[in-house]
Amino acid sequence: ELLEANEWLIGERSRAIAGNVHPGADLQGAVVVEPGATVQSGVVIEGPAMIREGARVGPNAYVRGTTLIDRDVSIGHAVEVKNTVVMPGTNISHLSYVGDSVIGPDVNFGAGTTVANLRHDDQTVLTTVKGEAVDTGRRKFGCVCGPQAKTGINTSLNVGVTLDAG
């Protein structure tokens, strides 16, 4: 439900660039960069997307789909984020892919963390909520990470995985 709400809310935004955007960045479509946010060289953002105050994106990152990069988030070198909610204080520092996911506050992804987000059998992704399997209704759904979850380097997370808080 959070991804659906994000798609609706971010999808209604108009382009507004008020933060620090390097001239070597490429912002396409309805992209919002709030004051105090930084978009570095080589970054490509295909809106709709929102980069909140204090967030840093890049260098050479790719943000697409309906994505929220919340306050004080760090999206680092060669990171791709697609159709995802990234909550405040999270670090996805380098060489990672995160798609169709909900990443809680103060999460840290180690270098090379990859989130699988597609079932190839055309079935919808199941995830676990309060110990029960729940159908997301989505063929593409990555992971849900609770507050302060952490991954080590080169971690692969399968579709529908939930990481508990801490």
Side-chain angles (χ1 to χ4, degrees), residues 1-109 111-119 124-125 127 136-147 149 151 157 159-161 163:
E1 293 168 342
L2 188 55
L3 286 180
E4 186 176 328
N6 188 61
E7 290 163 358
W8 175 68
L9 287 170
I10 300 293
E12 287 191 342
R13 300 287 180 154
S14 298
R15 184 178 177 94
I17 310 300
N20 181 17
V21 177
H22 189 279
D26 181 9
L27 280 54
Q28 304 168 14
V31 175
V32 175
V33 180
E34 290 186 345
T38 301
V39 177
Q40 296 179 319
S41 178
V43 170
V44 174
I45 302 176
E46 296 175 357
M50 176 177 274
I51 314 301
R52 302 291 312 268
E53 175 185 355
R56 295 182 57 85
V57 180
N60 303 313
Y62 183 30
V63 177
R64 63 190 176 97
T66 307
T67 295
L68 169 65
I69 307 297
D70 215 333
R71 291 182 173 93
D72 302 317
V73 166
S74 176
I75 302 296
H77 172 69
V79 171
E80 180 177 352
V81 182
K82 176 204 161 261
N83 197 47
T84 292
V85 173
V86 185
M87 294 183 191
T90 288
N91 292 298
I92 305 173
S93 295
H94 46 285
L95 305 169
S96 296
Y97 173 77
V98 182
D100 303 283
S101 297
V102 177
I103 310 300
D106 302 312
V107 168
N108 188 70
F109 276 7
T113 295
T114 301
V115 176
N117 66 331
L118 173 64
R119 283 194 57 162
T124 55
V125 175
T127 193
T136 65
R138 293 172 174 259
R139 185 169 166 252
K140 287 188 173 187
F141 185 82
C143 68
V144 175
C145 294
T151 66
L157 301 173
V159 296
V161 164
L163 298 179

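Below, all heavy atoms of this structure are taken into account, side chains as well, without hydrogens, waters or symmetry copies. On a predicted model such as this, the values are computed, not experimentally measured, just so you know.
With contacts defined as side-chain heavy-atom distances shorter than 4.5 Å, the pair M87/V102 qualifies. The shortest distance between side-chain heavy atoms of Y97 and K82 falls below 4.5 Å. In this structure, V125 and R119 have side chains that are in contact, with non-hydrogen atoms separated by less than 4.5 Å. For the pair C143/T127, no side-chain contact is recorded, criterion being any heavy-atom separation below 4.5 Å from C-beta on. With contacts defined as side-chain heavy-atom distances shorter than 4.5 Å, the pair P147/D106 does not qualify. Side-chain atoms of R139 and L118, non-hydrogen and from C-beta on, do get closer than 4.5 Å to each other.
Atom CG in N91 sits 10.0 Å away from atom CG in D72 (nearest 0.5 Å). The line from CG of L157 to OG1 of T151 is 6.5 Å long, rounded to the nearest 0.5 Å. Between atom OG1 of residue T136 and atom CG of residue D100 there is a gap of 9.5 Å, rounded to the nearest 0.5 Å. To the nearest 0.5 Å, atoms OG1 (T67) and CG (N6) are separated by 7.5 Å. Distance NE2/H94 to OG1/T113: 9.0 Å, rounded to 0.5 Å. One distance of note links CG of L3 with OG1 of T84; it measures 7.0 Å at 0.5 Å rounding.
Counting only distance, with no hydrogens or angles, the side chain of R56 and the backbone of S74 share no donor-acceptor pair below 3.5 Å. Side-chain atoms of T66 do not come within 3.5 Å of backbone N or O of G11 as any donor-acceptor pair. Panel note: side chain T90, backbone G104; a donor-acceptor pair is recorded below 3.5 Å. No donor-acceptor pair under 3.5 Å is formed between the side chain of R71 and the backbone N or O of E53.
Between R13 and L9 the shortest heavy-atom distance is CG-O, 3.7 Å. Taking both residues in full, the closest heavy atoms of E7 and N83 are given as OE2-ND2, 3.1 Å, listed atom of the first, atom of the second, then distance. Contact record, S96 with A111: OG-C, 4.3 Å, taken as the closest heavy-atom pair. Across all their heavy atoms, I75 and A61 have their closest contact at CG2-CB, 4.1 Å. Shown here for G99 and N117, the closest heavy-atom pair between the two residues is O-CB, 3.5 Å. Nearest heavy atoms, I69 versus A55: CG2-CB, 3.9 Å.
Heavy-atom neighbours of E1 CD from other residues, nucleotides or ligands within 6.0 Å: at or below the threshold of 12.
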**Prompt:** Does the side-chain contact (heavy atoms from CB on, under 4.5 Å) test come out yes or no for I17 and V31, once each step is laid out?
**Reply:** CA-CA 7 Å; I17 310 300; V31 175; 4.3 Å; yes
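For the salt bridge (Lys or Arg N to Asp or Glu O under 4.0 Å) condition, the pairs that include at least one residue of residues 27-52, sequence neighbours left out, are E34-R52, R52-D70. For residues 19-33, the pairs satisfying side-chain hydrogen bond (donor to acceptor under 3.5 Å, both in side chains) are D26-Q28, with sequence neighbours left out.
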